[in-house]
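To keep things clear, I will list the structure first and then write my remarks on it.
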Amino acid sequence: MFLAPYFSKQNQAISVSAQQASDFAKKIAQDFNPIHNVGAKRFCVPGDLLFAIVLTQYGLSQSMKFSFAGMVGASVELQFPEQVSESFSIRDGREKTYLNVSRQGDVSCCDAQTESFIRQYVAFSGHNFIDILIPLMKQHQVMINPDRPLVIYESMSFDLTTLDFVQVTLSLVDQDLKIDGKRGDVTLHFELHSGDTLVGTGIKTLVMSGLRPYDEALAQQMCATYEGSKTDY
């Protein structure tokens, strides 16, 4: 299982160290968000890693929705139920909920299929900041705080018309930003293809907070810092 280096499991408890989370973000997702850096003041485990672990533990369902309820810190022990129904939650030992999952339809436990799906989706997520969010901020003439750039992963869902595929590719088809005061709600629509065949669609939502007027120089500085972290790595 290609995710094995990025989490630890004992019985039904799964934990992710800061180093494991940072390695996943950079090596698998190409995500250089500073909140995934070891030692970051506001460190959190990537939501995409939690999503990926759910798929490896319970399989790929035709229809799934992931709603994030909290940021997971380093080495927090998460309880992954041995048996799950159509709706379940991932909580810690104190019953704090971090992720709510709902699923319907047929389920596939093909390792190659699951790995392809995960790799395609997290690679898409890893390019969100530079390729999607910065252009959206410029278009709407708003931006996040450049000193503390924080974008929160809210939810992700997808619907597959078939599970009859192994390799899959993902492409963005639409993006939208709705602004409410200092809050911005980002919605990304994507399609999933197997070869030339459309096999599914999905939606990802993000929240940008602390919005302020757009400043091109500061926006470019954020990009340079982000790309610099990638180059240094």
Side-chain angles (χ1 to χ4, degrees), residues 3 5-6 16-52 68 70-74 118-156 169-191 202-233:
L3 284 183
Y6 306 111
V16 180
S17 70
Q19 190 63 60
Q20 287 173 316
S22 181
D23 286 346
F24 174 86
K26 295 171 176 62
K27 292 180 180 180
I28 303 298
Q30 292 288 293
D31 179 359
F32 290 84
N33 188 328
I35 64 174
H36 304 319
N37 291 342
V38 175
K41 187 175 181 180
R42 303 183 72 180
F43 173 86
C44 79
V45 172
D48 283 340
L49 179 52
L50 299 182
F51 150 78
F68 294 89
M71 297 168 70
V72 179
I118 290 170
R119 285 187 181 276
Q120 281 291 311
Y121 178 70
V122 302
F124 160 68
S125 288
H127 290 95
N128 284 175
F129 184 70
I130 296 294
D131 297 342
I132 299 172
L133 297 185
I134 290 292
L136 273 178
M137 286 188 268
K138 184 173 184 177
Q139 176 188 342
H140 292 269
Q141 288 298 292
V142 296
M143 66 185 294
I144 55 178
N145 184 348
D147 297 322
R148 290 193 300 173
L150 183 63
V151 179
I152 297 173
Y153 192 174
E154 188 175 57
S155 69
M156 178 271 205
T169 57
L170 184 152
S171 58
L172 179 70
V173 293
D174 192 24
Q175 64 266 351
D176 181 55
L177 169 61
K178 286 188 168 47
I179 299 168
D180 184 7
K182 293 186 176 183
R183 174 187 168 114
D185 292 304
V186 179
T187 304
L188 308 177
H189 296 263
F190 57 89
E191 291 181 343
I203 299 173
K204 176 179 181 178
T205 64
L206 303 160
V207 176
M208 299 192 299
S209 58
L211 294 181
R212 59 202 58 205
Y214 183 81
D215 183 300
E216 179 67 23
L218 291 177
Q220 290 306 312
Q221 184 179 327
M222 279 197 298
C223 291
T225 299
Y226 188 93
E227 292 290 0
S229 297
K230 189 174 182 178
T231 301
D232 292 343
Y233 182 77

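- Within the 4.5 Å cutoff, side-chain heavy atoms of Leu206 are placed close to those of Tyr153.
- Here the closest non-hydrogen pair linking Cys223 and Ile134 is SG-CG1, 3.7 Å.
- Of all heavy-atom pairs spanning Val45 and Gly73, the tightest one is CG2-O, 3.8 Å.
- Counting only residues at least two apart or in different chains, salt bridge (charged side-chain N to carboxylate O under 4.0 Å, His left out) contacts with residues 16-33 are absent.
- In this structure, CG on Asp174 lies 7.5 Å from CG on Leu172, to the nearest 0.5 angstrom.
- Between the side chain of Gln20 and the backbone N or O of Ser17 there is at least one donor-acceptor pair closer than 3.5 Å.
- You'll find the side chain of Leu211 stays beyond 4.5 Å of the side chain of His140, heavy atoms only.
- Judged by distance alone, with hydrogens and angles left aside, the side-chain atoms of Gln141 form a donor-acceptor pair with the main-chain N or O of Lys138 at under 3.5 Å.
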Original post:
Yes or no on side-chain contact (heavy atoms from CB on, under 4.5 Å) for Val186 and Asp176, after CA distance, side-chain angles and deciding distance?
Top reply: CA-CA 6 Å; Val186 179; Asp176 181 55; over 6 Å; no

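- Shortest non-hydrogen contact noted between Phe43 and Ala21 is CZ-CB, 3.6 Å.
- Surrounding CZ of Arg212 are more than 12 heavy atoms belonging to other residues, nucleotides or ligands, all under 6.0 Å away.
- Between Val16 and Val72 there is no side-chain heavy-atom pair separated by less than 4.5 Å.
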**OP:** Go through the steps to decide whether Ser209 and Arg183 satisfy the test side-chain contact (heavy atoms from CB on, under 4.5 Å), and finish with yes or no.
**Re:** CA-CA 5 Å; Ser209 58; Arg183 174 187 168 114; 5.7 Å; no

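- Taking each heavy atom of Gln120 and Thr169 in turn, the nearest pair found is OE1-CA, 3.3 Å.
- Of the charged side-chain nitrogens involved, none lies within less than 4.0 Å of a carboxylate oxygen, so that Lys178 and Asp180 do not count as a salt-bridged pair.
- Considering every non-hydrogen atom in both Ala219 and Tyr214, the closest pair reads CB-OH, 3.5 Å.
- Counting heavy atoms from C-beta on, the side chains of Phe24 and Pro46 come closer than 4.5 Å.
- Side-chain contact between Leu177 and Val142: present, with at least one pair of heavy atoms (C-beta onward) separated by less than 4.5 Å.
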**OP:** Let me see the working for Lys204 and Ser125 under side-chain hydrogen bond (donor to acceptor under 3.5 Å, both in side chains), right down to the final yes or no.
**Re:** CA-CA 9 Å; Lys204 176 179 181 178; Ser125 288; 2.8 Å; yes

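- A distance-only check finds no donor-acceptor pair linking the side chain of Asn37 to the backbone of Ala40 [under 3.5 Å].
- Between atom CG of residue Asp131 and atom CG of residue Leu136 there is a gap of 11.5 Å, rounded to the nearest 0.5 Å.
- Taking CZ of Arg119 as the start and CG of Leu170 as the end, the distance is 15.0 Å to the nearest 0.5 Å.
- A 4.5 Å side-chain heavy-atom check between Tyr6 and Ile28 finds at least one atom pair inside the cut-off.
- Rounding to the nearest 0.5 Å places CD1 of Ile144 at 7.0 Å from CE of Met208.
- Side chains of Asp185 and Thr205 form no contact here, defined as non-hydrogen atoms less than 4.5 Å apart.
- Taking the six-membered ring for Trp and thresholds of 30 and 60 degrees, Phe51 and Tyr121 have ring planes more than 60 degrees apart, a perpendicular arrangement.
- For the atom pair Ile152 CD1 and Met71 CE, the distance stands at 6.5 Å (nearest 0.5 Å).
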Subject >> Stepwise side-chain contact (heavy atoms from CB on, under 4.5 Å) test for Ile132 and Phe124 >> reply: CA-CA 10 Å; Ile132 299 172; Phe124 160 68; 4.0 Å; yes

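- Put simply, the side chain of Gln175 does not reach to within 4.5 Å of the side chain of Phe190, judged on heavy atoms.
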**OP:** Kindly determine whether Ile203 and Thr187 satisfy side-chain contact (heavy atoms from CB on, under 4.5 Å), including the steps that lead there.
**Re:** CA-CA 7 Å; Ile203 299 173; Thr187 304; 3.7 Å; yes

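- In this structure, the side chain of His36 does not engage the main chain of Phe32 through any donor-acceptor pair within 3.5 Å.
- Here the CD-CD distance, from Gln221 to Glu216, works out to 12.0 Å after rounding to the nearest 0.5 Å.
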